[in-house]
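Please read all numbers here as calculations on a predicted model, not as lab measurements.
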Amino acid sequence: SAAYDSATDKLTLALPGGYSLTMVEGADCAVTDQRFVWSNLVENTDYTVEGGNVILETAAPMPSRRIVRFVITPSGP
């Protein structure tokens, strides 16, 4: 699930049960050479992790347009 808090300009996304976060990547919405240009987002700058939630910063100076993808892995056997 996802929830946007307009008071804090943060977007909170719940990780699926049984998975942990490996990486968060972001790209501008503009296409370059027919693809998105992805870069790693920085934990505690672009996003934070609290329990099973990923909290994305969306207020300036963050880009006003960004596509985000999450790399998750199973957290147990």
Scanning both residues in full, the closest heavy-atom pair of Arg66 with Cys29 reads N-SG, 4.0 Å
Same cluster for Val37 and Leu41 if Ile/Leu/Val/Met/Phe/Trp/Tyr side chains link at under 4.5 Å?
no
Per the side-chain hydrogen bond (donor to acceptor under 3.5 Å, both in side chains) rule, what does the pair list look like for residues 29-45, sequence neighbours excluded?
none
Is it true that Leu13 and Val49 fall in one hydrophobic cluster, defined by side-chain heavy atoms closer than 4.5 Å?
yes
Checking Arg69 now: which residues fulfil side-chain hydrogen bond (donor to acceptor under 3.5 Å, both in side chains) with it, not counting sequence neighbours?
Glu25
Tell me which pairs pass salt bridge (Lys or Arg N to Asp or Glu O under 4.0 Å) where either residue lies in residues 46-56, with sequence neighbours left out.
none
Side chains of Leu21 and Leu15 in contact at under 4.5 Å (non-hydrogen atoms)
yes
Residue list, side chain to side chain contact (heavy atoms under 4.5 Å, CB included) with Tyr4, at least two apart or on another chain
Ser6, Asp9, Leu11, Thr58
Kindly compute the distance separating OH (Tyr47) from CZ (Phe70), expressed to the nearest 0.5 Å.
9.5 Å
Heavy atoms, side chains only, cut-off 4.5 Å: are Val31 and Phe36 in contact?
yes
So how far is it from Ile67 CD1 to Asp28 CG, rounded to the nearest 0.5 Å?
8.0 Å
Test side chain to side chain contact (heavy atoms under 4.5 Å, CB included) applied to Ala3 - qualifying residues, sequence neighbours left out:
none
All side chain to side chain contact (heavy atoms under 4.5 Å, CB included) counterparts of Ser75, not counting sequence neighbours:
Ser20
